[in-house]
Asker: 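Sharing a structure here in structure tokens format.
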Amino acid sequence: MRSFQLLFLLIFLSFFLLTIFSSYRNIKYTLPKRSIKIFKTIYLYFHILVFLIFIYLYIFPNQPRSASNYSIYLFYNLILFTLFIFTIPNSLSYLLHILFTRKQAPVIPYTGLILSIAILITMAYGFVAGTRQVKTVNLELSFNNLPEQFDGYKIFLFTDAHLGGMLNPGPVFKIAEEVVKQSDPDLILFAGDLVNNFAYEVNGFESYFKKITQKGISYSILGNHDYGDYSDWKSKNKKEVNFEAILDANRELGFILLRNEHVQIKKGRDSIYLAGVENWGHKPFPQYADLDSALQGIPPDAFIILLTHDPAHWESKVKNKKDIGLTLAGHTHGMQWGIKLAGIPFSLSYLSRKYWGGLYHSGNSALYVNTGFGTVGVPWRLDMPAELTLFTLKRGKID
């Protein structure tokens, strides 16, 4: 494993240095000669600083798996990601220039520089404005086996808060609070990844959540980040203490935590069932879900809503089960980047998973994937705003 990490690090640093050099050469073609020396000095020292910070955070004396201050890594990841986005178009245009137009006017270098600047502005927008945008999706879903008393039943869903990475939580939580207040849902659900790794990330967020959870009966499940698996712990006991504190935090925020179990929800003479499982994802994501235990004891032909963090669980284990009418998930974040092609939403998530955001059907079973409330890795969203989903269940026509 260590040899793999070292190899990956060498490849990364080689690519990093190559793009920096190529980008410098490309920009040099576009500058007046009197400005080149000043630019070279600034460019050199800036990238030396970035490189030294990388060594400090990722190699020695720190490593991400032992980090506790996520905001530092979030800001640095944003800078590093932006640098790559900026240098890659410049590097490609430099390569094209030396291959095809070296002795001609530097049209290609100018094109690469303009493209890089445009991308840089887009990145800045995604950080400054994108992370503060929230979309509310309203869906009306019909089911033939929905009990009569639940016709018009409202469910509010949000997920993937990653509280340790929320740099400005006030505005987005205020919007969530207003949506819940105005819609008056019957059921409030949170689909996991409350934190990045540590229970202390919840500190200071209690009032934000309680303004939401106090508006209706609220349930939550665990996501892959809620187990503390992304940190190197000094002892097994410390990890277990942290995990227990995360379980307690869910309850303190106003949620009833479901761990491979179900609850019966009654309305008048009718009832539906909400099942919640622990995380299940394709390797290397943990597979703690026990669907059979969660469904055990539910009467045949009952209407079931399943809350599971990773949509991969639905694809692999759930969608062929006819008794689960609606599955609600999160996890993907839509990769925090999207675009509409001919009016159809698209995300790079599609390259790694079929079910990345929105509503999907398989026979009588439906899946909805919420693209998340917070951010992970990089504090950035572009055309993939934080999502709040409001479902209205309708009783379909029965022949």
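Fair warning: this is a prediction, and the values are worked out from it, not measured in the lab.
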Asker: Evaluate whether atom CG of N168 has more than 12 neighbouring non-hydrogen atoms of other residues, nucleotides or ligands under 6.0 angstrom away.
Answerer: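 Atom CG in N168 is crowded, with more than 12 foreign heavy atoms closer than 6.0 Å.
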Asker: Is a donor from one side chain sitting under 3.5 angstrom from an acceptor on the other, for H309 and D193?
Answerer: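 Per modelled atom types, H309 and D193 side chains form a pair under 3.5 Å.
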Asker: For the CG atom on N364, are there more than 12 heavy atoms of other groups (residues, nucleotides or ligands in this structure) within a distance under 6.0 Å?
Answerer: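 Not more than 12 within 6.0 Å, no.
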Asker: For a 4.5 angstrom cut-off between non-hydrogen side-chain atoms, does S218 reach L189?
Answerer: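 No; the side chains remain at least 4.5 Å from each other.
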Asker: Taking a hydrophobic cluster as the set of Ile, Leu, Val, Met, Phe, Trp and Tyr residues connected by side-chain heavy atoms closer than 4.5 Å, whether directly or through intermediates, do I79 and L44 fall within one such cluster?
Answerer: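 No, separate clusters.
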Asker: Considering residues, nucleotides and ligands other than K135, do more than 12 of their heavy atoms fall under 6.0 Å from its NZ?
Answerer: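 For K135, atom NZ is crowded (more than 12 foreign heavy atoms under 6.0 Å).
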Asker: Under 3.5 Å, is there a donor-acceptor pair between the side chain of T327 and the main chain of L367?
Answerer: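 No; zero donor-acceptor contacts below 3.5 Å.
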Asker: Mind checking the CD1-OG spacing from I121 to S116? Nearest 0.5 Å is all I need.
Answerer: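 It is 11.0 Å, given to the nearest 0.5 Å.
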Asker: Testing the basics here: between G330 and T159, what is the closest heavy-atom pair and its distance to 0.1 Å?
Answerer: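 Smallest interatomic distance, heavy atoms only, reads CA-CG2, 3.9 Å.
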Asker: Which residue is it: I305, T392, L187? I am looking for the one with a side-chain contact (heavy atoms from CB on, under 4.5 Å) to Y153.
Answerer: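 Only one of I305, T392, L187 forms a side-chain contact (heavy atoms from CB on, under 4.5 Å) with Y153, namely L187.
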Asker: For the pair F173 and F205, name the ring-plane relationship: parallel under 30°, tilted 30 to 60°, perpendicular over 60°.
Answerer: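 Geometry flag for F205 against F173: tilted rings.
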Asker: Among the clusters formed by ILVMFWY side chains lying less than 4.5 Å apart, do Y70 and I72 turn up in the same one?
Answerer: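 No, no single cluster joins them.
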Asker: Answer yes if the side chains of T371 and E387 hold a donor-acceptor pair under 3.5 Å, and no otherwise.
Answerer: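 A pair is found: one side chain offers a donor N or O, the other an acceptor, under 3.5 Å apart.
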Asker: Examine I119 and L95 and state if one hydrophobic cluster contains both, with Ile, Leu, Val, Met, Phe, Trp and Tyr joined whenever side-chain heavy atoms are less than 4.5 Å apart.
Answerer: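 I119 does not cluster with L95.
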Asker: Please work out whether the ring planes of W314 and Y355 are parallel, tilted or perpendicular, with thresholds of 30° and 60°.
Answerer: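 Correct class here is perpendicular.
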Asker: Please check if the side chain of R381 supplies one atom and the backbone of Q336 the other of a donor-acceptor pair under 3.5 Å.
Answerer: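 Flag not set: sc R381 to bb Q336 has no pair under 3.5 Å.
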Asker: Output, in order, the C-alpha distance, side-chain angles, deciding distance and verdict of ring pair (Phe, Tyr, Trp, His ring centres under 6.0 Å) for Y227 and W233.
Answerer: CA-CA 12 Å; Y227 296 90; W233 298 90; over 10 Å; no
Asker: Do we see a donor-acceptor contact under 3.5 Å between the side chains of N250 and S220?
Answerer: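 Checked: N250/S220 side chains pair up, N/O donor to acceptor below 3.5 Å.
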Asker: On the 0 to 90° scale, with breaks at 30° and 60°, tag the H47-F16 ring pair as parallel, tilted or perpendicular.
Answerer: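 Taking F16 first and then H47, their aromatic rings sit tilted (interplane angle of 30° to 60°).
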Asker: Under 30°, 30 to 60°, or over 60°: which ring-plane class applies to Y24 and F39, parallel, tilted or perpendicular?
Answerer: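 Ring orientation of Y24 relative to F39: parallel.
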Asker: Using a strict 4.0 Å threshold on nitrogen-to-oxygen distance, state whether D186 and K154 make a salt bridge.
Answerer: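 Looking at D186 and K154, the cut-off is not met.
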Asker: Taking all atoms of both residues into account, what is the closest heavy-atom pair of A249 and V202, and its distance?
Answerer: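 Scanning both residues, the minimum pair turns out to be CB-CG2, 3.8 Å.
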Asker: Quick check against the 3.5 Å criterion: does N279 have a side-chain atom that pairs as donor or acceptor with the backbone of L222?
Answerer: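 The answer is no, because no donor-acceptor pair under 3.5 Å joins these two groups.
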Asker: Quick check on the 6.0 Å ring-centre criterion: do Y230 and F198 meet it?
Answerer: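 For Y230 and F198, the ring centres are not under 6.0 Å apart.
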Asker: Can you check whether G228's main-chain N or O pairs, donor with acceptor, with S231's side chain at less than 3.5 Å?
Answerer: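 Pair absent, no side-chain N/O of S231 close to backbone of G228.
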Asker: What distance do K37 atom NZ and K33 atom NZ have between them, rounded to the nearest 0.5 Å?
Answerer: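 Separation between the atoms: 15.5 Å.
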Asker: Does the ring pair (Phe, Tyr, Trp, His ring centres under 6.0 Å) test come out yes or no for F143 and F303, once each step is laid out?
Answerer: CA-CA 9 Å; F143 300 92; F303 182 80; 5.0 Å; yes
Asker: How about P109 and Y94: do any of their side-chain heavy atoms sit closer than 4.5 Å?
Answerer: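 A side-chain contact is absent here, since even the closest heavy-atom pair is not under 4.5 Å.
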Asker: I'd like to know if the side chain of D270 reaches the main chain of K266, judged simply by a donor and an acceptor atom lying under 3.5 Å from each other, with no hydrogens or angles considered.
Answerer: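 Here the side-chain-to-backbone pair does not exist.
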Asker: Among side-chain atoms of N242 and Y200, is any donor-acceptor pair under 3.5 angstrom?
Answerer: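 There is no such pair (donor and acceptor under 3.5 Å, judged by atom type) between the side chains of N242 and Y200.
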Asker: Please confirm whether the backbone N or O of L57 pairs with a side-chain atom of Y73, one donor and one acceptor, at under 3.5 Å?
Answerer: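 Side chain of Y73 to backbone of L57: a pair is present.
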Asker: Please check if atom NZ in K238 has more than 12 non-hydrogen atoms from other residues, nucleotides or ligands closer than 6.0 Å.
Answerer: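 Not buried by this count: 12 neighbours or fewer within 6.0 Å.
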Asker: Does any part of the side chain of T308, heavy atoms only, come nearer than 4.5 Å to the side chain of L291, both counted from C-beta?
Answerer: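 In short, these two side chains do not touch, never coming nearer than 4.5 Å.
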Asker: Return the minimal non-hydrogen interatomic distance between E252 and K210, and the atom names on each side.
Answerer: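 Residues E252 and K210, closest heavy atoms: O-CE, 2.8 Å.
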Asker: For E140 and S142, which I'm curious about, is there any donor-acceptor pair between the side chains at under 3.5 Å?
Answerer: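 The answer is no; no qualifying pair exists.
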Asker: May I ask you to decide if the ring planes of H162 and H225 are parallel, tilted or perpendicular, using 30° and 60° as cut-offs?
Answerer: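 It falls in the perpendicular class, over 60°.
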Asker: Please identify each residue that fulfils side chain to side chain contact (heavy atoms under 4.5 Å, CB included) with K317, with sequence neighbours left out.
Answerer: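 K317 satisfies side chain to side chain contact (heavy atoms under 4.5 Å, CB included) with W280, H313 only.
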Asker: N145 and A302: which non-hydrogen atoms are nearest, and at how many Å?
Answerer: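 Scanning both residues completely, I find the closest heavy atoms to be ND2-O, 4.2 Å.
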Asker: Sub-3.5 Å donor-acceptor pair from the side chain of E261 to the main-chain atoms of A294, do we have one?
Answerer: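 Here the side-chain-to-backbone pair does not exist.
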Asker: Side-chain contact test, heavy atoms from C-beta onward, threshold under 4.5 Å: evaluate it for I27 versus T30 and give yes or no.
Answerer: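 Yes, their side chains come closer than 4.5 Å.
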Asker: Does D160 use its side chain to pair, donor to acceptor, with the backbone of H333 at less than 3.5 Å?
Answerer: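 Side chain of D160 to backbone of H333: no pair is present.
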Asker: Would you say the side chain of N370 lies within less than 4.5 Å of the side chain of L328, judging by non-hydrogen atoms?
Answerer: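 They are not in side-chain contact.
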Asker: Around atom CD of Q214, are there more than 12 heavy atoms from other residues, nucleotides or ligands closer than 6.0 Å?
Answerer: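 Above 12, so yes.
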Asker: Angle between ring planes, F12 versus F54, binned at 30° and 60°: parallel, tilted or perpendicular?
Answerer: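 Plane angle under 30°, so parallel.
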Asker: Check this for me: does any side-chain nitrogen of one of E148 and R269 sit under 4.0 Å from a carboxylate oxygen of the other?
Answerer: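 Yes, E148 and R269 are salt-bridged.
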Asker: Are W380 and F75 in one and the same hydrophobic cluster, where Ile, Leu, Val, Met, Phe, Trp and Tyr link if side-chain heavy atoms are under 4.5 Å apart?
Answerer: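 Linked, W380 and F75 end up in one cluster.
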Asker: Counting heavy atoms not belonging to L49, are there more than 12 under 6.0 Å from its CG?
Answerer: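 For L49, atom CG is crowded (more than 12 foreign heavy atoms under 6.0 Å).
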Asker: State the CG-NE2 distance between N224 and H331, to the nearest 0.5 angstrom.
Answerer: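 It comes to 5.0 Å.
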Asker: When clusters are formed by joining ILVMFWY residues with side-chain heavy atoms under 4.5 Å apart, either directly or through shared neighbours, do F81 and V128 land in the same one?
Answerer: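 Yes, it is one cluster - the side chains of F81 and V128 are joined through contacts under 4.5 Å.
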Asker: To the nearest 0.5 angstrom, please state how far the OG atom of S293 sits from the NE2 atom of H262.
Answerer: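 Rounded to the nearest 0.5 Å, the OG-NE2 separation comes to 11.0 Å.
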Asker: Can you find a pair of side-chain heavy atoms, one from F373 and one from V172, that are under 4.5 Å apart?
Answerer: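 The answer is yes; the side chains approach within 4.5 Å.
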Asker: Answer yes or no: is there an ion pair linking R259 with E278, defined by an N-O contact shorter than 4.0 Å?
Answerer: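 Salt bridge flag = yes for E278 with R259.
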Asker: Can you confirm whether V263 sits close enough to L258 that some side-chain heavy atom of one is under 4.5 Å from a side-chain heavy atom of the other?
Answerer: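 In short, these two side chains touch, coming nearer than 4.5 Å.
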Asker: So which of D290, L306, V318 actually passes side-chain contact (heavy atoms from CB on, under 4.5 Å) with V277?
Answerer: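 Only one option passes, and that is L306.
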Asker: What is the distance from atom NZ of K40 to atom CG of L31, rounded to the nearest 0.5 Å?
Answerer: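 Answer for the NZ-CG pair, K40 versus L31, is 13.0 Å.
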Asker: Do the non-hydrogen side-chain atoms of Y219 and I188 ever get within less than 4.5 Å of each other?
Answerer: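 No, their side chains stay 4.5 Å or more apart.
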Asker: Taking all atoms of both residues into account, what is the closest heavy-atom pair of R353 and P311, and its distance?
Answerer: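 Closest approach of R353 to P311: NH1-CG, 3.7 Å.
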Asker: One pair to check against ring pair (Phe, Tyr, Trp, His ring centres under 6.0 Å): F158 and F156. What are the steps and the verdict?
Answerer: CA-CA 7 Å; F158 68 131; F156 175 82; 5.5 Å; yes
Asker: Determine whether a donor-acceptor pair (N or O, by modelled atom type, separation under 3.5 Å) exists between the side chain of S365 and the backbone of S362.
Answerer: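 Looks like no, no N/O pair under 3.5 Å.
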Asker: CG/L257 to CZ/R251 distance, rounded to the nearest 0.5 angstrom?
Answerer: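 If we round to the nearest 0.5 Å, L257:CG and R251:CZ are 5.5 Å apart.
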Asker: Identify the heavy atoms of V134 and I175 that sit nearest to each other, and give their distance.
Answerer: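 Answer, listing the atom of V134 first, then I175: CG2-CD1, 3.8 Å.
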